[in-house]
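Worksheet for the structure shown next.
Residue numbers start from 1 in every chain, and the chains themselves are labelled A, B, ... in the order their sequence lines are given, proteins ahead of strands.
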Protein chains: 2
Amino acid sequence: MNKAERTKQFIIEKAAPIINRKGMAGTSISDIMEATQMAKGGIYGNFESKEEICALSLDYLLERIDTTLNHRLADHTACKDKLFELLEFYKSQATAENAFGCPMLNFGVEADDTNPEIKQQISKAIAATQARMSKLVKKGIETGEFKKGFDAETFSIKAFCMIEGAMWATRMTGNSKQVRVVTDLLKKEITDHLK
Amino acid sequence: MNKAERTKQFIIEKAAPIINRKGMAGTSISDIMEATQMAKGGIYGNFESKEEICALSLDYLLERIDTTLNHRLADHTACKDKLFELLEFYKSQATAENAFGCPMLNFGVEADDTNPEIKQQISKAIAATQARMSKLVKKGIETGEFKKGFDAETFSIKAFCMIEGAMWATRMTGNSKQVRVVTDLLKKEITDHLK
DNA sequence: CACTGTATAGACCGATCGGTCTATTATTTT
DNA sequence: AAAATAATAGACCGATCGGTCTATACAGTG
């Protein structure tokens, strides 16, 4: 990584959490200047536009979640344990002090009706997230861990929607009950499908 | 309603859908000027600030959903039918051409971490929405329509999170499957709890 | 119809927006 | 170390932001 690439990465790492928190329209270049302690020319020497910074920030946030999740799931062998770990991860994200909501939801809600490119990024991320869960269920069936009646696709859609909705509701109401009820229900459903 | 009140209402009715679509930060006064065909002085003669317009727009959107839902539910007597109608309403909102996502979600995501007043409005709306479902389940148990084991609070939390998540996911992916799967699952759960 | 008070238009304000450009400073390469 | 190249600072740009103010137009009342 040469200087330019390192600087680019540095700016994205500083900008991404701010954009996730304040939104794309709500974040100004001066916010990013302040966070990076760089002048405007320094920023624009590395990016074409604010839009590009937003898109790359979203990529960065999504990738970070993906790798974190990959590492955590690798600690377990049983599909049930992997699914449980996944649920715990999202639950912790909803209540964590330093987390400011799911980037998919945050960027997606703003991009809807205004930014087709970002919307496309989100659409892919949703598919990938649901596919991860679906694969875990399917693999669990293959290995004989889960009953054959466990519908992978239905479960992954349901679980995804419930988790996203619950993380948001918990943040809004300041009440962790929402996410707790949801993760408990999903855990029970997984357990019920164990052989 | 005198002139001032009528004008105020008129502005909110024009502004609310725009703000719901483009966001609070993403909507400018000039957008509202264009939609209302009024000059800046005309707008600011009726409101103190853009913030006030946003807050009142949110109130308007929430109330409109509330009254629409009240009317629709009044068409049915059985709690099961009321719950089904409620699910159908949300489903139609997710796929409707003229709807631009749930105002609770749209405003809430943006207000999180930046606008405590709006966040408070959303928090109350979430509680009211869940309470509506919870009451329908409880009433159904009282009237002997539902089995006693139907947990009203758990169901309302789960259903709410699933619906919000699914409406959003359907809008993002452009695939109505998300909301279809979710409403079907919830309908099945309701049916399963019929005596 | 005239009078009076309210409501609106639109010029105007300073601040800030995203973005550009050049002089200067770092970093590489020789 | 010197020369060549890449990267940054910050003044600057026009456009637009939210918001104010006053002259004018309108509505409601006698």
Side-chain angles (χ1 to χ4, degrees), chain A residues 1-60 106-107 110-111 113-118, chain B residues 1-60 106-107 110-111 113-118:
Chain A
M1 254 212 292
N2 64 19
K3 184 93 203 304
E5 279 166 340
R6 265 186 289 125
T7 307
K8 220 172 160 176
Q9 181 69 7
F10 167 76
I11 295 169
I12 290 296
E13 279 171 18
K14 292 288 182 185
I18 299 172
I19 300 172
N20 191 41
R21 205 168 112 201
K22 300 178 60 170
M24 297 182 284
T27 302
S28 63
I29 300 297
S30 57
D31 287 331
I32 299 170
M33 286 164 63
E34 196 187 334
T36 55
Q37 292 284 29
M38 287 174 71
K40 196 170 274 195
I43 306 285
Y44 274 97
N46 291 282
F47 302 97
E48 280 211 335
S49 63
K50 187 186 161 185
E51 276 223 352
E52 192 193 352
I53 299 176
C54 289
L56 292 175
S57 290
L58 174 57
D59 278 336
Y60 166 74
N106 289 344
F107 281 73
E110 188 175 358
D113 302 309
T114 56
N115 194 325
E117 291 87 7
I118 296 275
Chain B
M1 252 211 294
N2 63 21
K3 183 92 204 301
E5 280 166 340
R6 267 186 288 124
T7 306
K8 219 172 160 175
Q9 181 69 7
F10 167 76
I11 295 169
I12 291 295
E13 279 171 17
K14 292 288 182 185
I18 300 172
I19 301 172
N20 190 42
R21 206 168 113 202
K22 301 177 58 169
M24 297 183 284
T27 302
S28 63
I29 299 297
S30 56
D31 288 330
I32 299 169
M33 288 164 61
E34 197 187 333
T36 55
Q37 292 284 31
M38 287 174 71
K40 197 169 272 194
I43 307 285
Y44 274 98
N46 292 283
F47 302 98
E48 281 211 335
S49 64
K50 186 186 163 184
E51 276 222 352
E52 192 194 353
I53 299 176
C54 289
L56 292 175
S57 290
L58 175 57
D59 278 336
Y60 166 74
N106 289 344
F107 281 74
E110 188 175 357
D113 303 310
T114 56
N115 193 325
E117 290 88 5
I118 296 275

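- Qualifying side chain to side chain contact (heavy atoms under 4.5 Å, CB included) partners for Glu117(B), counting only residues two or more places apart in sequence or in other chains: Asn115(B).
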Donor-acceptor list for residues 5-12 of chain B side chains, cut-off 3.5 Å, not counting sequence neighbours:
residue : atom : partner  : partner atom : Å
Glu5(B) : OE1  : Asn2(B)  : N            : 3.2
Thr7(B) : OG1  : Lys3(B)  : O            : 2.9
Gln9(B) : NE2  : Glu13(B) : OE2          : 3.1

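- Atom pair Lys8(B):NZ and dT6(C):P shows a separation of 15 Å (rounding to whole Å applied).
- Across all their heavy atoms, Ile118(B) and Ala111(B) have their closest contact at CG2-CB, 3.4 Å.
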What pairs of nitrogen or oxygen atoms, one from the protein and one from nucleotides 23-28 of chain C, lie under 3.5 Å apart?
none

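- Using a 4.0 Å cut-off, no side-chain N or O of Ser30(B) falls inside it from OP1 or OP2 of dT16(D).
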Listed pairs, N/O of protein and of nucleotides 9-12 of chain C, under 3.5 Å:
residue : atom : partner  : partner atom : Å
dA9(C)  : OP2  : Ala39(B) : N            : 3.0
dG10(C) : N7   : Gly41(B) : N            : 3.3
dG10(C) : O6   : Gly41(B) : N            : 3.1

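- Residue Tyr44(A) places none of its side-chain N or O atoms closer than 4.0 Å to OP1 or OP2 of dT20(C).
- Looking at residues 48-55 of chain A, you'll see that no heavy atom sits under 4.0 Å from any atom of DNA chain D.
- Residue pairs meeting the salt bridge (Lys or Arg N to Asp or Glu O under 4.0 Å) criterion with at least one member in residues 36-50 of chain B, sequence neighbours excluded, do not occur.
- When distances are taken from the side chain of Ser28(A) to each of dT8(C), dT20(D), dG18(C), the shortest belongs to dG18(C).
- One atom, CE of Met33(A), and another, P of dT20(C), lie 15 Å apart when rounded to the nearest Å.
- Within the structure, every side-chain polar atom (N or O) of Thr7(B) is placed at least 4.0 Å from both OP1 and OP2 of dA7(C).
- Scanning residues 15-26 of chain B for heavy-atom distances under 4.0 Å to DNA chain C yields an empty list.
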Show me the donor-acceptor pairs, under 3.5 Å and distance only, between side chains in residues 17-24 of chain B and residues at least two apart or in other chains.
residue  : atom : partner   : partner atom : Å
Asn20(B) : OD1  : Asn106(B) : ND2          : 2.9
Asn20(B) : ND2  : Gly101(B) : O            : 3.2
Lys22(B) : NZ   : Asp31(B)  : OD2          : 3.1

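- Side-chain contact between Ile53(B) and Ile43(B): present, with at least one pair of heavy atoms (C-beta onward) separated by less than 4.5 Å.
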